[in-house]
Chemist: 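Here it is, the structure, as structure tokens.
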Amino acid sequence: MAPDTRHPDKLDRAVIFLGPPGAGKGTQAMELAKKYGVPHLSTGDMLREHVSKGTPLGAKAKPIMERGELVPDSLVLQMVAERIERQDCSHGFVFDGFPRTVVQAKYLGELLKHHGYKRPFVIHLVIDPSVLMRRLTGRRTCKVGGEIYNIYERPPKAEGICDKDGGELMQRPDDREEVIGPRLHAYEKQTAPLAAYYRRLGLLHDIDAAKSVDEVGRQVLQSVQSVRGAK
Ligand code: ADP
Ligand code: AMP
């Protein structure tokens, strides 16, 4: 039997990863969720699944995502509200790419209160925008397990193949230069104000996301452990 590498303590709250596209939210959220044995909830992944299955939500979201814009709050909020009602979320969960607007953050606050969760813990991945283009154009993702690589910084052992499960690696269609510009613009305009919003609430924890994946991971864990158990 594989060893149980989950963290012995419970998370018991929502952890939110905030930061621009390419900051490392998915990489760190996946690792933290695994450590605590809770779901990793990436709204981007959920929307891409709707697109690939051709659901009505996917049909609405597809052209918006292709332009690098944000999907309307109402659609994302309904999808998230349904997801966190599932049993696997009862000991907490890790959000990646949500919330992305102040409207989403306010709604999430109400939703968490309604379900009796503690206040969320927000990890703000702080990074100089100049490195994001390289991180995003170099990103490759496993089609099977979702593992995230970078052809410049964290290449797989064999080109195009996931080290973990042998799955084929793909490049996201919105990781092309012409879509990255609008995505970074949407972040600055609509999502960056969330840092001030959560800082005012005393929930924001800044982490230097320019360090190595392992170092950022250590700081994230230290930060989460420092407040776990607090109301
Ligand atoms: P986000 O979810 O914030 O868009 P990802 O976690 O998908 O970001 O990471 C974007 C790209 O940057 C990926 O190719 C990933 O391998 C790489 N990456 C993530 N964290 C780091 C890091 N600390 N140093 C170098 N590259 C990183
Ligand atoms: P991501 O995988 O987080 O980089 O998201 C990819 C794309 O999905 C974004 O550029 C948006 O079009 C859409 N998206 C993901 N999460 C949200 C969200 N919380 N609100 C609005 N749109 C989102």
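FYI, side chains are in, hydrogens and waters are out, and symmetry mates aren't considered; it's all heavy atoms of this structure. Starting from 1, each residue takes its place in the sequence as its number. Counting starts at 1 for both ligands and their atoms, following the listed order.
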Chemist: Compute the shortest N/O to N/O distance between R154 and ligand 1 and return yes if it is under 3.5 Å, no if not.
Modeler: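 In this structure, R154 places no N or O atom under 3.5 Å from an N or O of ligand 1.
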Chemist: Can you check which of N150, D214, V213, L18 brings a heavy atom nearest to atom 21 (C) of ligand 1?
Modeler: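 The option holding the nearest heavy atom is V213.
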Chemist: In the protein, which heavy atom is nearest to atom 4 (O) of ligand 2, and how far is it?
Modeler: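 Looking at atom 4 (O) of ligand 2, the protein heavy atom closest to it is R172 NH2, 2.9 Å.
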Chemist: Within the 3.5 Å criterion, strictly below it, is a donor on S130 or D128 matched to an acceptor on the partner's side chain?
Modeler: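 D128 and S130 do have a side-chain donor-acceptor pair below 3.5 Å.
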Chemist: Under 4.0 Å between a Lys/Arg side-chain N and an Asp/Glu carboxylate O for E153 and R134?
Modeler: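 Yes, E153 and R134 are salt-bridged.
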Chemist: Among protein heavy atoms, which sits nearest to atom 18 (C) of ligand 2, and what does the distance come to when rounded to 0.1 Å?
Modeler: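 For atom 18 (C) of ligand 2, the nearest protein heavy atom comes out as R100 CD, 3.4 Å.
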Chemist: If we only consider heavy atoms of I64, is any one of them less than 4.0 Å away from an atom in ligand 2?
Modeler: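 For ligand 2, residue contact (heavy atoms, under 4.0 Å) with I64 is absent.
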Chemist: Tell me the contacting part of P20 for ligand 1: side chain, backbone, both, or neither, using a 4.0 Å heavy-atom threshold, strictly below.
Modeler: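 Just the backbone.
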Chemist: From the options R135, Q28, E147, select the one whose nearest heavy atom is closest to atom 25 (C) of ligand 1.
Modeler: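 Checking each option, the heavy atom nearest atom 25 (C) of ligand 1 is found in R135.
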Chemist: Considering both backbone and side-chain atoms of R140, is one of its nitrogen or oxygen atoms within less than 3.5 Å of a nitrogen or oxygen in ligand 1?
Modeler: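 The answer is no, given that R140 and ligand 1 share no N or O pair closer than 3.5 Å.
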Chemist: Please list the nearest protein heavy atom to atom 7 (C) of ligand 2 with its residue and the distance rounded to 0.1 Å.
Modeler: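 Nearest neighbour among protein heavy atoms for atom 7 (C) of ligand 2, to 0.1 Å: M65 CE, 3.8 Å.
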Chemist: Does a side-chain N-to-carboxylate-O contact under 4.0 Å join D175 and R183?
Modeler: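 A salt bridge is present here (some side-chain N lies under 4.0 Å from a carboxylate O).
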Chemist: Using heavy atoms and a threshold below 4.0 Å, how should the contact between S212 and ligand 1 be classified: side chain, backbone, both, or neither?
Modeler: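 Looking at S212 and ligand 1, just backbone atoms fall under 4.0 Å.
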